[in-house]
Structure formats: C-alpha cells, structure tokens
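First comes the structure, then the notes that go with it.
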Amino acid sequence: MSTYLLVHGAWHSGECWERVVPSLESAGHRVFAPSLTGYGDKAHLAGRETGLYTHVDDIVGLITGEDLTEVVLVGHSYAGLVISSVANQVPDRIARLVHLDAMVPEDGESAADVQPMTRTLIDLALRSESGWRIPPPPEMPPPSGLFGVTDPADIAWLRTMLSDQPVRCLQQPVRLDNPAMNAIPRAHIHCTVGVPEGIVRRPVPAIQPNGTPAQVWELATGHDCMITVPAELADLLLKLG
C-alpha cells in the first residue's frame, strides 16, 4: 500500500482531486488531498502574509502529524514549488515526487523565476486595492478554456472551488539545500492540450538528480487533468506509485 498526497495548484482547492481519489483508494492506497491555507474550506484564512512557506508548512505539518512515510507526493502547477520545498525538509518521508504539469524550480527560485508570466500577475496584485489578491484568470476560448477545462458543466463545478491567490505565493523563493532530497525519484507529467500563450515549460534533464533516467509522461488533455481525464491520471499515478 502506498500513501498518495495530492497537492493542488494556485486558485484551486483540494476538491479538485475528487474524481481521482476513489480510484487510488479502491486500489488499496491511502490518499490525502488537503486544501492549502487560503483555499476551499480554508479560504477565510487567506491574507497578506499567506505565501509559499505557509503552504509548505501545511504539507510538512500533515506529513509529520499523520506520521506519513513512503509518500508519493504529487504537486500540480504552482504546487511543484510546494512539493519541492517539502521534499527538502522531510526527504526521508518521500518515496517519489510527481510534478503534474507543474513548476520545477531550482534552489532560490520563485514562481516568477520559473514562470515569468506570473510577474504580470504580481504587479497587478501589488497595484490593486487589496495589495495582495490575484483573482483567477478568465475563461479562454477552447482548447484553453478555464485551466484547460472546456466542458460547461465541468467549468461550472471548477468555478465553485476557485479562490484568489495570495501574491506572496509567487514571490517567495524555494529552499532546496538538502542534499538528501536528490535521492528521491521524480516523475513529470505534462498536459499537452490548450497550453495558453506565454506559458513556458522547462526541458526535463535527461538524468534525474539521483542518477537515473528522467521519467516524463504526457496526457493529451488540458492543464486541470484531474478534472478532464481523472481515470487516465489515476492509472498513471498508480503506475508511478
């Protein structure tokens, strides 16, 4: 039995994994899909000081509080920064990192370094009335849709779980200075449909930090693959786990 810890991306909540969790659980695995501080049932906790480090603390606290080990740690989108930072703090508890259409940072980088288009969002937030809120992006014409979701019913459901993103999440740099995290196997899943203009994806190095060949998988769907192709994603996560 594996333990899967699914970490949602910016603007979303843990509810976005609702269609994936049953497949993992029915295969006999333990699954956690929490909402980070400031999202979902924790949306009221968002504030000017909420940032990347808040979310890292959320996940490290869950892992240590539940005494989880051999964790398959999955990070979607922005959460690539979160899971990388978590692995730096508790590498002995992580069995595998899965970057799901995610940002993949180097030590000292922020989201703005990994995905330069986020600098525009940061500037808009800092000039806004709140000084820290970044609203969800607008729906685009297909195939981009809303986070790659184009079905009207799915878009309506997705909108119910979206919250403003605190700007510090995109400003704070990751800390990846623990050599022990290099031993953790990693996998990358790329969603290939409807990638918005301005989004860049760094090439995955052919060799992982632990010396093994890179594992890169593709899903022919939009960014929020847990909503659009949950069965296919669950099958791939089971294979990786």
Side-chain angles (χ1 to χ4, degrees), residues 4-20 33-40 50-52 54-56 58-59 72-87 97-105 109-122 125 134-140 143-150 154-155 158-159 161-172 174 186-202 204 216-219 221-230 233 236-237:
Y4 287 86
L5 178 44
L6 312 176
V7 187
H8 65 80
W11 296 288
H12 292 58
S13 74
E15 187 182 358
C16 71
W17 303 103
E18 187 176 288
R19 298 175 179 176
V20 175
S35 289
L36 300 172
T37 296
Y39 309 95
T50 307
L52 171 64
T54 310
H55 297 154
V56 174
D58 287 342
I59 301 303
V72 179
L73 186 57
V74 182
H76 179 242
S77 195
Y78 152 77
L81 280 71
V82 178
I83 66 169
S84 297
S85 300
V86 169
L97 291 176
V98 181
H99 284 85
L100 178 57
D101 219 33
M103 297 182 184
V104 185
E109 289 188 323
S110 68
D113 297 311
V114 181
Q115 197 60 257
M117 61 84 62
T118 60
R119 293 171 186 166
T120 301
L121 302 178
I122 292 171
I134 304 176
E139 180 182 346
M140 303 293 288
S144 295
L146 184 61
F147 296 105
V149 179
T150 57
D154 286 345
I155 289 175
L158 173 57
R159 289 188 188 282
M161 66 184 81
L162 297 181
S163 303
D164 290 348
Q165 174 84 350
V167 69
R168 285 173 68 88
C169 299
L170 307 183
Q171 294 176 306
Q172 292 180 323
V174 298
R186 307 171 190 211
H188 301 262
I189 302 174
H190 295 161
C191 300
T192 61
V193 175
V195 179
E197 184 178 353
I199 297 294
V200 297
R201 177 179 289 137
R202 290 177 170 177
V204 176
V216 182
W217 304 80
E218 291 187 348
L219 289 172
T221 191
H223 184 57
D224 276 6
C225 55
M226 71 289 291
I227 293 175
T228 58
V229 291
L233 175 59
L236 185 49
L237 292 178

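Note that the numbering runs from 1 along the sequence shown for the chain. Both backbone and side-chain heavy atoms feed into the values below; hydrogens, waters and symmetry mates do not. On a predicted model such as this, the values are computed, not experimentally measured, just so you know.
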Exercise: identify the closest heavy-atom pair between Cys225 and Leu100: SG-CD1, 3.6 Å
Measuring from atom SG of Cys16 to atom CG of Leu158, what distance do you get when rounded to the nearest 0.5 angstrom? 8.5 Å
Is the side chain of His76 donor-acceptor paired with the backbone N or O of Leu6 at a distance under 3.5 Å, no angle test? no
With sequence neighbours left out, what residues match Ala112 under side-chain contact (heavy atoms from CB on, under 4.5 Å)? Ser110, Thr118, Arg119, Ile122
side-chain hydrogen bond (donor to acceptor under 3.5 Å, both in side chains) contacts in which one or both residues fall within residues 4-14, not counting sequence neighbours: His12-Asp224
Compare every heavy atom of Val98 with every heavy atom of Ile83, then report the nearest pair and how far apart it is. CD1-O, 3.5 Å
With Glu139 via salt bridge (charged side-chain N to carboxylate O under 4.0 Å, His left out) - residues at least two apart: Arg159
Quick one: does Val204's side chain get under 4.5 Å of Arg186's, heavy atoms only? no
Using a 3.5 Å distance criterion without hydrogens, assess whether the side chain of Asp58 forms a donor-acceptor pair with backbone atoms of Thr37. yes
Applying side-chain hydrogen bond (donor to acceptor under 3.5 Å, both in side chains) to Thr221 and not counting sequence neighbours gives Thr228
For Trp17 against Val7, the heavy-atom pair lying closest together: CZ2-O, 3.5 Å
Between Pro143 and Thr150, what is the shortest heavy-atom contact and its length? O-CG2, 3.7 Å
Atom CD1 of Ile134 and atom SG of Cys169: how far apart are they, to the nearest 0.5 Å? 8.0 Å
Of all the heavy-atom pairs spanning Ser163 and Gly40, show the shortest one and how long it is. OG-N, 4.0 Å
Contacts of His55 that satisfy ring-ring contact (aromatic ring centres under 6.0 Å, His included) - sequence neighbours left out: Tyr39, Tyr78
Okay, side chain of Thr54, backbone of Gly51: is any donor-acceptor separation there less than 3.5 Å? yes
Quick one: list whatever passes salt bridge (charged side-chain N to carboxylate O under 4.0 Å, His left out) with Glu218, sequence neighbours left out. none
Who are the side-chain contact (heavy atoms from CB on, under 4.5 Å) partners of Val104, not counting sequence neighbours? His99, His188
Would you check if the side chain of Gln115 reaches a backbone N or O of Val200 as a donor-acceptor pair within less than 3.5 Å? yes
Is any side-chain heavy atom of Ile189 less than 4.5 Å from a side-chain heavy atom of Leu233? yes
Heavy-atom closest pair, residues Gly80 and Pro105: O-CD, 4.1 Å
List in chain and number order the residues that pass side-chain hydrogen bond (donor to acceptor under 3.5 Å, both in side chains) with Gln172, two or more places apart in sequence or in another chain; answer none if no residue qualifies. none
Not counting sequence neighbours, which residues clear salt bridge (charged side-chain N to carboxylate O under 4.0 Å, His left out) with Asp154? List them please. Arg19
Inter-residue atom distance Leu170.CG - Leu81.CG, 0.5 Å rounding: 9.0 Å
Among residues at least two apart in sequence or on other chains, which ones pass side-chain hydrogen bond (donor to acceptor under 3.5 Å, both in side chains) with Glu109? Arg202
Residues that Ser144 engages under side-chain hydrogen bond (donor to acceptor under 3.5 Å, both in side chains), provided they are two or more places apart: none
Are any non-hydrogen side-chain atoms of Pro135 and Leu162 less than 4.5 angstrom apart? no
Salt bridge (charged side-chain N to carboxylate O under 4.0 Å, His left out) filter on Asp101, not counting sequence neighbours, yields Arg201
